[in-house]
Every structure is written in C-alpha cells, then in structure tokens.
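Below is one structure; the comments refer to it alone.
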Amino acid sequence: MRFRQASVLPGFGLAFGYTVFYLGLVVLLPLSALIIKTSSLTFDRFWEVVTAERVMAAYQLTFGASFVAALINLFAGLLVAWVLTRYRFPGKRLVDALVDLPFALPTAVAGIALTTLYAPNGLIGEWLAPLGVQVAFKPLGVVVALTFIGLPFVVRTVQPVLQELEAELEEAAACLGASRWQTFGKVILPTVLPALMTGFTLAFARAIGEYGSVIFIAGNIPLESEIVPLLIIGKLEQYDYAGATAIASVMLLISFGLIFVINLIQWWHGRRHGMRK
Amino acid sequence: MSIEIQSVAKRFGNFVALDNVDLKVETGELLALLGPSGCGKTTLLRIIAGLETPDAGQIRFHGEDATGTHVRERQVGFVFQHYALFRHMTVFENVAFGLRVRPRQTRPPEAEIRRRVHELLELVQLDWLADRYPAQLSGGQRQRIALARALAVEPKVLLLDEPFGALDTKVRKELRRWLKRLHNEVHVTSVFVTHDQEEALEVADRVVVMNKGKIEQVGTPEQVYDTPATPFVYQFLGDVNLFHSRVHGGFAEVGEHAGAEGVVAYVRPHDIELLREPAALTLPATLDHIRAIGPVVRLELRLDNGDPVEAELSREAYADKRYLAGERLHIRPRTAQNFVEDYTI
C-alpha cells in the first residue's frame, strides 16, 4: 500500500496527523470510554439490561420513528429544495432562511412549541382530536418532532445539486420525446439520488440522537413513547452508569451499522455510475 | 424535410437576439449558422428546436406551421455543445433513451431497441463503448454518442449547437470531416451553429452569416468567401486589409464605387501583389516582418503613414523573390471589393 502520494501541496504529514489525532481525541476517545465502561458488566448482566422489555421497545421506537421521519424528509426535503431552486417567487429568501431554523432553534423550544400545537387542546391537535388522531404523547408525536429537526439536512444537501443540474439535460430529454414525469424520473431523480441519500442519512442519524425536542412531545410513556436517549438519562440519574453505557453502546453499534450500510450503498451507486473512479 | 423561418423575432429584455429573420433550409442540406457570439445564431437554433419561443414570426416544417408545437412532438434531434449526456446511464442506455420513453403502443420491442442502438453505435464507430459511462469517455467520443442519441429517434431535423466547441483543435478537425461523411450517409436536414469560420466553410453545404440578430449573407462557402455581401462578412471570413479612399487616395478606386467619397477597399492578404518597382495604382510600403511557417509565408508591411498591411505568399513565390526585412516595396491589390464607408465598423 502506498501511503503517501507525491503532491505539489505541502503538509500532507501534518494535515493527516492532525486529522487522526483530532478524530481520536474528539470522536474515538469518548466512544472507547463508553465501551470500556460497558465492559465492567458481565455479559449476562449486559444482555439482561439491553434486552429488557422497556429497552427493546425504546430501541424500536427510536429507530422506527427516526426512519419514518427521515423518509418523510426525503420527500418533503426534495420538494422544498425543488421549489427553492426552480421557481422565483416573492419572499423566496425568507423561505430559504426558514429552512435553517430547525438547525438554529434550541431543540427544547422546538419541542415545547410542537407540543403546544399538537396537544389535544392545541391549535392543530384540536382539529385532529375529533378524527381520532392524537399526535402529542404518542409515537406519532416523536415522528413529528424528528421530522421537524431533520428537514434542513435533506434540503441543504439536495439544493446545491439541483442548482447545478444543467438545464440542457432536461432539454435533451424533452427533445428525445420524454414527458415531464419521465424526465423527472429518469433524468433528474437519478442525478440527485446520491445527494438525497446523503441527506437521508444525515437526517436519520440526527434523529436517532435527538433528545431535546422529543421528550416534550413524546410524553415518555414506558413501552409506548419512550426513546432510547431518555432511558439512558434515566439510568444516569439513578447512578447506573454501566447500564446507561450498555444501552448506549448497543445504540452506537446499530447506528454505525445502519449508516455504514447506507454509505456502502452510496459508494456502490457512485462506482456503478462511473462518477468515482 | 425543409424548414422555413418567417420573420422570426426574439428579445431578451432590451437585448434584440433576433430581428425579423427569414431563412429557408432545404431538404437534406447541411446548413451552418455562422457568427460571433451574441449574434443570435444559437437563439435561432433553439427556436427551430422549440426550446425557445419566438416573440413574433413562424417556423414551418415542410410547409406546416410548427411554431406552437412542443419540443417533444417536433421530432428534432438536438446536439448540445457540452454533450448533455445522462451521467447515470451507460452509453447504450443513453442512446436507447429516446426509444424507451415512447408510449407503450409505439415503443419498439426490446430486441428491436437493442438492434437499433447497436446500429447507431456502429454508425458513430463506438459500438465497443456500449457498457461504459459518459464519465469514462473522451470529449470527442461523448459528442459522437450525443449524436447517436439524437439520431435514435429518427428526427426529421438534426440541430447541432456548437457541437465541436468544447473539443481541442485536432479532434475538432477529425470530427468535422466525420460529420460531413455522416451527413452524406444519413442525409437528414441539418443545421449547425458555429463561430468558427473554417469549420463552417469546410463542413456546410450552405453558410448563413449572422451579425447582431440579422442575417448578413446566405450562400455556398465559395460564395460567402469570394463575394462577401457586406463588410462584416468580409472581415468575419478571414483576414483582410482595409484601404480608405480618404487616406490612401486612388488606391481604393478599383471597382464599382470608383470616385465616390469615403470608399473602403477590402483586400485579402493573398490578393496583395508585391512589386519592387512602382507602377500604376501602387502604394509604397516597408517590409517589417517575415513569418515563413507552413505552406504560406506571411509578410507584415507598413505604409508610409504607419498603417499596417498584411500580405501572403506561397513558399515558392517567396523563394523566388527573396524579400528582406526592411526592404522598400510597392503593393497593389489583385482584386478588391469596395464598400461605401460605414462609420459604425
């Protein structure tokens, strides 16, 4: 394996060394501490903690709701990005800035705002209640909160790709007799797909770790609307550090696995289409 | 199929891209739209394709009004300067695209699509690249694939927008000849846009010279080169020396405007005759520079009032005469075309 490649740009050693050191310090060190703390448990005890009914339900909710929210954002985000790049309308800059709001807003504020809106006596909740739909304090509420915080990730990754998409591609498709839908499905969508998947992964990853906005709207009913981060906090408050890290390390493992798989798909997709060599 | 363009006009804001253009493209011919950038040639091409709508005027395909017809139904093949290939599809799928998007009733069966695509890839001599992606091809190859893709739908008209503009000189020359051969084989009415006069003169059956949204001249390459209709065409199609009657006296007074005020004589460098002795209708000049590269020897001269003049000689003629830098010579035009002076030039 050739490690170092000749380049006119200096400082490879320094930059690479710094990168490894930084990643080690900021990412790997805390994570390994997590694993070390977990290993203070016997395997049986560990297994008991992570397979407890309440923990399993929380895993299911966290990953399930995160996936659904990321999926919703996949479509909604594409639509928003499309509107922002394709059309000119008054207040466009304002809408563009609004997209970033979930990034900037303290998550607790978002959570409280959403809870107020979706509670059975809230502005939106009171219209949904007669239909038999309850959002707040239910898993659905978790999905709503995660959708809110995940939207900018998809929009901001897809937007530049849509902007750079040459109009010529669409013109070429039209000249060849493709309808608007065919052009969208066969030309535009495959081009933005890698960016869409990146946006999806980011939104999904963010949703898995989300805490602040969810705990208010979720109601945190054990076995029903309790998310994993809350369980971890709960364990910590009872000074059960090993138990908390056990749950966390399983979550870490699953998250890493899922994100790795998505990245693998992306890498494979990129290679297949000759965009990377 | 013939294309008739009738008093087509188009503006972009205050900019007049096309100013009442009339043009007829004959069935099966290869026509070049030639002009500097911003002259409206690409706009005209895009209006023919239906990618742009004219503000006024009509486009007729074989006598039928097509102005309101959508690009999709116009059955035109369009080749873009930057290829516009679909990056996520193989070469094969790119060429097959036009057939695959047809409605179910008119879509050929899979075997027929395969046959057609391979036939087209053979036509552009790139059958061996069918499974590659556009990113893996060279510029010249990409443009040939783009052409095959455009031909796949059996267009009635083939339109090419600066098809070789993004390629290097050598590839460009190759593709030019190749396009000419291809056109002789396929014989579809074709219009291509270029700003390269050499390209237009070499490839096209007829050349349309455009400037500032107007057509300056339409004719065969020989016609536009040998008998330019306007000073613009003269200057655009090659090097030229200008002699103003006000400045250079009788020198410009060869031809039909003789004696008129403010006449300019346009003389191509190869039509400048060099004499060692003064004679009738000659101007004295000093030889500044000699560049003897290639088959043509270029001489830079300077008139007594400082105006530069360029002359061209064949290598043999130069070897015969052996002019030296700094020598006093006398120049005379073999032929000149005179235009009444236009101060806007």
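Proteins come first, then strands; the chains are lettered A, B, ... in the order of their sequence lines, and each starts at number 1.
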Are more than 12 heavy atoms from other residues, nucleotides or ligands located less than 6.0 Å from atom [atom1] of [X]?
X: Phe67(A); atom1: CZ; result: no
X: Phe256(A); atom1: CZ; result: no
X: Phe260(A); atom1: CZ; result: no
X: Glu73(B); atom1: CD; result: yes
X: His62(B); atom1: NE2; result: no
X: Gln125(B); atom1: CD; result: yes
X: Phe184(A); atom1: CZ; result: yes
X: Arg93(A); atom1: CZ; result: no

Of all the heavy-atom pairs spanning [X] and [Y], show the shortest one and how long it is.
X: Pro190(A); Y: His88(B); result: CB-CD2, 3.2 Å
X: Leu176(A); Y: Arg149(B); result: CD2-O, 3.4 Å
X: Leu169(A); Y: Leu85(B); result: CD2-O, 3.3 Å

Region of Arg46(B) that comes under 4.5 Å of a non-hydrogen atom in chain A: side chain
Less than 4.5 Å to any heavy atom of chain A: does that hold for the side chain of Ala150(B), its backbone, both, or neither? backbone
Could you check Phe97(B) against Val187(A) for side-chain contact (heavy atoms from CB on, under 4.5 Å), going step by step and ending with a plain yes or no? CA-CA 10 Å; Phe97(B) 184 87; Val187(A) 177; 3.9 Å; yes
SB check Glu166(A) Arg87(B) (cutoff 4.0 Å): yes
Does Arg74(B) use its side chain to pair, donor to acceptor, with the backbone of Cys175(A) at less than 3.5 Å? no
Test item: Gln182(A) side-chain N/O and Val101(B) main-chain N/O as donor-acceptor pair under 3.5 Å: yes
Interface check, chain A: of Gly50(B), Gly98(B), Ala49(B), most non-hydrogen pairs under 4.5 Å belong to Gly98(B)
Just so I understand: if I count every heavy-atom pair under 4.5 Å between each of Val79(B), Leu51(B), Asp161(B) and chain A, which residue has the most? Leu51(B)
Step by step, work out the side-chain contact (heavy atoms from CB on, under 4.5 Å) result for Phe80(B) and Glu171(A). CA-CA 9 Å; Phe80(B) 296 85; Glu171(A) 287 173 354; 3.4 Å; yes
